[in-house]
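I have placed the structure first, in the form of structure tokens, so that the comments after it can refer back to it.
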Amino acid sequence: MPGPGDRGGVKQRPKNAKGALRRIVGYLAQFRYLVLLLLICSFISNIGNLLGPNFSGKAINAASAGRGNVDIALVRHYALLMLVAYVGSNIVNFFVNFGMTRVSRRVAENMRRDVFNKLMALPVGYFDRNQAGDIMSRVSYDIDVVCTSLSTDLVSILTSLVTVVGSFIMMCTVSIPLVACMVFTLPLALFFTRYMSRKTRPLYSKRSAAYGKMNGFTEEMFTGQKTILAYAREDDVCESFSAINRGAAEAYRNADGLGMITGPTIGFINNIGLSAIGLGGAMLYLRGTVNLGQISSFVLYCRKFNGPINEIANIINEIFSALAASERVFHLLDEPEEAKDIYGAVELSGCRGQVEAENVSFGYVPGKTILHELNMKAEPGQTVAIVGPTGAGKTTIINLLMRFYDPDSGCIRVDGRENREYTMASLRRNYAMVLQDTWLFQGTIFENIAYGKEGATREEVIAAAKAACIHNYIMRLPDGYDTVISEDGGNISKDQKQLLTIARAMLYNTDMLILDEATSNVDTNTERQVQKAMRNLMRGKTSFVIAHRLSTIQNADKILVVNHGDVIEQGTHETLMQQKGFYYQLYASQFA
């Protein structure tokens, strides 16, 4: 698979090249003086390269004056000038490349910073709609493509243009008749390059899609590796990957196979031009029109002229690839951010915890309503349980309470005020959450538990861990609370991760709690202990509990029974059991 530095990587044509280029220039403008200096140095470097063949021709003329008439001092003089021109040109070019690499890395750093800050400001819905792998690709691979293009292509395109124009001017000063010998191949080379570019560009787009499919499949299989092994589906997965890999290889072969024809064909056309120059130069030399030094200089300039013609075509493809990659980055940067606080929004402080939903309807996709006319009221300190089958809309209610989404109609009030009237940060600070999907970051156990409370003391962390029944386990670890958890808690079990997130919520002293299957990953014995600790934690706080194990919510003050987005029943456990409705059936099915 092509990496960030692979110049043969995925290529496709940008949809709005001018717009993408304008925004890249905006990033370069932060270093405009340095970039301008580097471009001037690049121009000087090319001038030095163009002077070399001229000095070479003069040295040959001085050496070919005839037996006994060679001006050694003059030959040495021009040879020294040629050496100074080439060495000086390459030294300047080294600093140009070094400088552009630094500029491109700074641009990439700024782009990644902007993208990461943007990701932190995007609504939850964006991450629901887009795969994590695609987002990571924009942050890493696409920005690296832009960075690589800036560090090499910007200098290369200027170098090629200066070399082509300068070489042609120098050839005209050397011999117009020799120019006529080679100029007939120029339109042929340009026409063929343009034709091949049009043919190969769609193939590069297909290759991009093939690689995207392969990367997505690979990420999915690595994520589910344990399941694959458990069901002994290794051979089937390998066979599926082989088919996808074969398609990607064919797409790569079709694109690069056709693209590889361009270079040799252009080289063949250029060699025809060199042959014509050799034949014409010999005839002109015999007639005394040109000398050996002019022919030598002209051949060197011709090679300098022809080389960039093919290189420019390749560079243009790379630039299109970089612009296409930058468009993906800029599309992310242009995504609408999470709704801003309304004018006059106030901080939610001293929260009592009264939560009310009135005629709330919501759908993730326009026209497809998931939650219908939700009405609910939780008094301060009450525990509200939300139960129902999978896909009934339980988590959607939590998303609306936290303002991860706003309802399509109706409103949600906290302490008598619509939640939009509070600043979003202060509203969310008044909730503590424990989700079924645990999240731990790479750091010590102490840092993970203290994540929600800045300046938490070790005593507070230990107290929270004891309440969550995880303290004894932590003390058995080699470094106790200073034990480093690997990325996403890969070195501890699921139930231990769940208990750590519960301890984190216990330490984060808020007026409202959200528990989404908070004990789903712990064993029955530990669950009894945690439930007791959590009841103490929830005392005096408004709590919303999503649970599939109905035995864990029997003591809830109110139970909402949700099915197909409607609250079909609500009441206490005893009243719902007496009604012998949907809740009764759910409960009976678990204890049948």
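All heavy atoms count here, side chains included; hydrogens, waters and symmetry mates do not.
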In the structure I gave you, are the side-chain heavy atoms of [X] and [Y] within less than 4.5 Å of one another anywhere?
X      : Y      : answer
Val414 : Leu348 : yes
Arg105 : Cys147 : yes
Val545 : Val384 : no
Ile445 : Val484 : no
Arg420 : Asp406 : yes
Phe404 : Met424 : no

Between [X] (side chain only) and [Y] (backbone N and O only), is there a donor and an acceptor less than 3.5 Å apart?
X      : Y      : result
Asn245 : Phe241 : no
Asp511 : Asn430 : no
Glu460 : Thr457 : yes
Glu447 : Thr444 : yes
Glu569 : Phe582 : yes
Asn359 : Leu374 : no
Asn563 : Ala392 : no
Arg413 : Val355 : no
Arg504 : Thr501 : no

For [X] and [Y], work out which heavy atoms get closest and say how close.
X      : Y      : result
Ala468 : Ile502 : CB-CG2, 4.1 Å
Thr369 : Ser361 : CG2-CB, 4.3 Å
Pro389 : Val562 : CD-O, 3.4 Å
Thr542 : Ala378 : CG2-CB, 3.9 Å
Leu401 : Leu427 : O-CD2, 4.1 Å
Tyr481 : Ala465 : OH-CB, 3.2 Å

Could you check Arg23 against Asp334 for salt bridge (Lys or Arg N to Asp or Glu O under 4.0 Å), going step by step and ending with a plain yes or no? CA-CA 12 Å; Arg23 296 182 70 165; Asp334 292 337; 2.7 Å; yes

Straight-line distance of [X] [atom1] to [Y] [atom2], nearest 0.5 Å:
X      : Y      : atom1 : atom2 : answer
Leu36  : Leu28  : CG    : CG    : 12.0 Å
Ile397 : Asp516 : CD1   : CG    : 11.0 Å
Met111 : Leu333 : CE    : CG    : 7.0 Å
Glu358 : Ser409 : CD    : OG    : 11.0 Å
Met433 : Ile514 : CE    : CD1   : 5.0 Å
Ile553 : Asp557 : CD1   : CG    : 11.5 Å

What orientation do Phe330 and Tyr27 show, parallel under 30°, tilted 30 to 60°, or perpendicular over 60°? parallel

How about Arg352: does its CZ atom have over 12 heavy atoms from other parts shown lying under 6.0 Å from it? yes

Donor + acceptor pair across side chains of [X], [Y] (<3.5 Å):
X      : Y      : result
Thr423 : Ser426 : yes
Tyr364 : Thr396 : yes
Gln30  : Asn110 : yes

Test ring pair (Phe, Tyr, Trp, His ring centres under 6.0 Å) on Tyr451 and Tyr508 and set out the steps. CA-CA 9 Å; Tyr451 181 76; Tyr508 189 47; 9.4 Å; no

Cation-pi geometry met for Arg458 and Phe446 (6.0 Å, 45°): yes

With salt bridge (Lys or Arg N to Asp or Glu O under 4.0 Å) as the test, would you mind laying out the steps for Arg429 and Glu347 before giving the verdict? CA-CA 10 Å; Arg429 276 199 302 267; Glu347 293 282 323; 3.0 Å; yes

